[in-house]
Protein chains: 2
Amino acid sequence: MNAAEHSTLTPGDRTTRTVGAKRVTIGDVAARAGVSKSAVSFVFNNRPGVSAAARERILRAADDLGWQPSARARALSRSRTQAVGLVIRREPELLSTDPFFPLFMAGVEIGLSEQNYSLVLQVVKDQHGERDAYERLARESRVDGVFLTDVRAGDTRPRDVGALGLSVVVVAPEEADTEADVVIGMDDAAGVRRAVHHLHSLGHRHIGHVMGVPGYVHTEARRRAWEDTLDELGLPVGPVVTADFTGSSGARATHELLDLPRPPSAIVYGNDLMAIAGISAATDRGIRVPEDLSVVGFDDIPLAPYIVPPLTTVRQNVVAWGTAAAQTLVALVEGKEPPEIRLPSVEFVVRGSTGPTRHRRPS
Amino acid sequence: MNAAEHSTLTPGDRTTRTVGAKRVTIGDVAARAGVSKSAVSFVFNNRPGVSAAARERILRAADDLGWQPSARARALSRSRTQAVGLVIRREPELLSTDPFFPLFMAGVEIGLSEQNYSLVLQVVKDQHGERDAYERLARESRVDGVFLTDVRAGDTRPRDVGALGLSVVVVAPEEADTEADVVIGMDDAAGVRRAVHHLHSLGHRHIGHVMGVPGYVHTEARRRAWEDTLDELGLPVGPVVTADFTGSSGARATHELLDLPRPPSAIVYGNDLMAIAGISAATDRGIRVPEDLSVVGFDDIPLAPYIVPPLTTVRQNVVAWGTAAAQTLVALVEGKEPPEIRLPSVEFVVRGSTGPTRHRRPS
DNA sequence: GTGAAAGCGCTAACAT
DNA sequence: ATGTTAGCGCTTTCAC
């Protein structure tokens, strides 16, 4: 009946009509179940007001017809898309090596699919593209909320994006103090603290740091943790070199540190990629790891155990982080109270790239 | 006026109304420009039938009001979402190490954003989840088309998903013979062929292979290229071990090969991760790379140059691949002729992990 | 508890 | 060339 209507009203229908009239609608389901459209709608939105018997028939009819509410129509009438956005800004080199995003996305998916939300992804290469992406996502009403990553100190994006009418969840280390609705954070600092303690207990007294791109909250959180821990241990704050998370920058930074009049006996890197490049750089100069130099990374990429020597590093549960962020964002979008988040704590993985100092007395 | 209408007609409006009436619609723009809604619609869809003057006024009005067509409403009335889907099925370990997806997605974005399409992403962990994902994407009408990756020989997904009414672009090496609308392929085989030739010219006569998860088109394409090339060169087909693209499987496979009565003097791996783990495994046994064993990877991950020794490997332009796939899918969705695709050819990157054989005469 | 009808904001026939 | 109008498929009052 509805189908007949269609073929009458839209004779120019271009959709693949293999067998005749196609798209099943709520009307078809209602007709088949012998109820009104609103009854069907009520059932599919877990609303009261439908008798158990009718409910049964409706579900059966929908199943028979293979019907499911159209997200398109639903989005329009509810003014909500039931989708959230993630904009990734990243340089090509880092893109394919960054262990964060794939895991984070996987985690987000878990949290999102529980609630039947979709993830709209956008990869951009610069800040300009990022602004545009958020603008478009908001103006076109493609998503109800977004995740904000790679947060900088004093980042204005939370406010900007919020002004666009989107819900926002900021994904950053706990230290981040941004004017955001909600921050979901991991404890980067704890990992670095454990790394420094580990090196200290191996007898290292001169511990350097290679940091990532300055300005990012996670870069600074790691650097500060390194600094503070040295301080707590009564050690002088060792040399620090700024890099940018890429392998080449890590290699260069390592050479800089080793060129120092008094090079450090251990280096804590802002990520694994730089640490591995650092090992390579040291090896090139005939400096052995860990005999002459101890190296600690950050991330625990899957390759870390297969580096020679295997890399000592810090591991976060990024998947859990993503799931928590997703659950929170969905709650925000729906105006509910965000769930209590309890993230697993950081792990410190000791492998072969760290060892006792040769020339100094162990602690 | 339109605003007044709204506040009358939808008194229960729950949207964030900070200052009063909110959402700007096409009606507001039309009113401001002194034309009808269809005129506005025509302008924003690049359709003829609007005078230059009116067009000007309309664009001005839209800009003043900060208006842009709502993707939600548009999707409903056009029966097209202007979004495409990508479903990623991957094990956790491989997820964060797979160099393919991030680059592919970045490429897809380039192709998509040209046409103002969005990417809906879904990460699933098993085949069951994958089926569900496609079903949902189709039934909820969330996307107009999808990319299919990780294709297996005789894969039925192209047909299955096509039956759901979605356009499909299959992303796989050229060899793939699947019943798909369109296959966008790279030439994996060419890379492996060059690798084998390179090893041959270094004097290697006994060349092994560590392959990835059996059944995938790209796994088989690489294995067959290795085999065929050995054949062409008149060399015996060396030993091959099946692995699964993970580091641990690569290490295990390497041990297996080296345990052979007559171990190969060179090994071609199905990806870099396994190759690097292979180097680590060899090193553990006191076998030096490349002096005692030459190693070739596949992918050229950003870490490849920083491995000790730096990894010789095959590089594809995955970003270009993604862009081509996206352009093709959009064309398919819109019923246009897909553009002629011209993918850059494979590169073979010689670094330190391959060297001349010691005991045999060079070619 | 159930059904009718008015939107949600845009597109596309159709009429002018 | 411009305006009118009927959908797109669902949600949600509001009477019955």
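So you know, we letter chains A, B, ... as the sequences are listed, proteins then strands, and number each from 1. The structure presented is a predicted model; accordingly, all values stated were derived computationally and were not measured.
Nearer to the 5' terminus of DNA chain D, by closest-nucleotide assignment, is the contact made by B:Gly49 (compared with the other of B:Gly49 and B:Ala73).
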Detail all sub-3.5 Å separations between protein N/O atoms and N/O atoms belonging to nucleotides 12-16 of chain C.
| unit_1 | atom_1 | unit_2 | atom_2 | d |
| --- | --- | --- | --- | --- |
| C:dA12 | OP2 | B:Arg47 | NH2 | 2.3 |

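Protein atom CD1 of B:Ile26 is 16 Å distant from nucleotide atom P of D:dT5, rounded to whole Å. Rounded to whole angstrom, the span from the CZ atom of A:Arg80 across to the P atom of D:dC10 amounts to 17 Å. Put simply, CD1 on B:Ile58 is 12 Å from C1' on D:dG3, counting in whole angstrom units. Summarising the geometry, the separation between CG on A:Leu76 and P on D:dT12 is reported as 12 Å, rounded to the nearest angstrom. Between B:Glu140 atom CD and D:dG9 atom C1' there is a gap of 14 Å when expressed in whole angstrom units. One interatomic measurement links the two molecules: CZ of B:Arg72 to P of C:dC8, which rounds to 13 Å at whole-angstrom precision. One interatomic measurement links the two molecules: CZ of A:Phe44 to C1' of D:dT12, which rounds to 17 Å at whole-angstrom precision. We find that CZ of B:Arg55 is positioned 12 Å from P of D:dT2, with the value rounded to whole Å.
Remark: A:Glu140 does not engage B:Arg74 in a salt bridge, criterion side-chain N to carboxylate O under 4.0 Å. Between A:Arg89 and A:Asp126 there is no salt bridge, since no side-chain nitrogen of the basic residue lies less than 4.0 Å from a carboxylate oxygen of the acidic one.
For B:Glu56, the CD atom sits in a loose shell: 12 or fewer heavy atoms of surrounding residues, nucleotides or ligands are nearer than 6.0 Å.
Within 4.0 Å of B:Val40, counting heavy atoms only, lies no atom of the nucleic acid at all.
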- prompt: side chain to side chain donor-acceptor pair (under 3.5 Å) between A:Arg142 and A:Thr81: does it pass, once the steps are laid out?
  reply: CA-CA 6 Å; A:Arg142 282 234 179 239; A:Thr81 309; over 6 Å; no
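Applying the ring pair (Phe, Tyr, Trp, His ring centres under 6.0 Å) test to residues at least two apart or on different chains, the pairs with a partner in residues 63-82 of chain B are B:Phe44-B:Trp67. Residue pairs meeting the ring pair (Phe, Tyr, Trp, His ring centres under 6.0 Å) criterion with at least one member in residues 109-135 of chain B: none, sequence neighbours excluded.
End-to-end axis angle for the helix from C:dG1-D:dC16 to C:dT16-D:dA1, using five pairs per end and rounding to 10°, comes out at 40°.
Applying the ring pair (Phe, Tyr, Trp, His ring centres under 6.0 Å) criterion to A:Phe101, with sequence neighbours excluded, gives no partner residue. For the side chain to side chain donor-acceptor pair (under 3.5 Å) test, residues two or more places apart in sequence or in another chain that qualify with B:Arg139 are A:Gln68, B:Glu135.
When the side-chain nitrogen and oxygen atoms of B:Arg74 are compared with OP1 and OP2 of C:dT11, one or more of them lie within a distance under 4.0 Å. OP1 or OP2 of C:dT2 lies within a sub-4.0 Å distance of a side-chain N or O belonging to A:Ser51. Within the 4.0 Å cut-off from OP1 or OP2 of C:dG3, at least one side-chain nitrogen or oxygen of A:Ser36 is found.
Under the 3.5 Å distance criterion, the side-chain polar atoms of B:Thr323 are left unmatched by any main-chain donor or acceptor of B:Val108.
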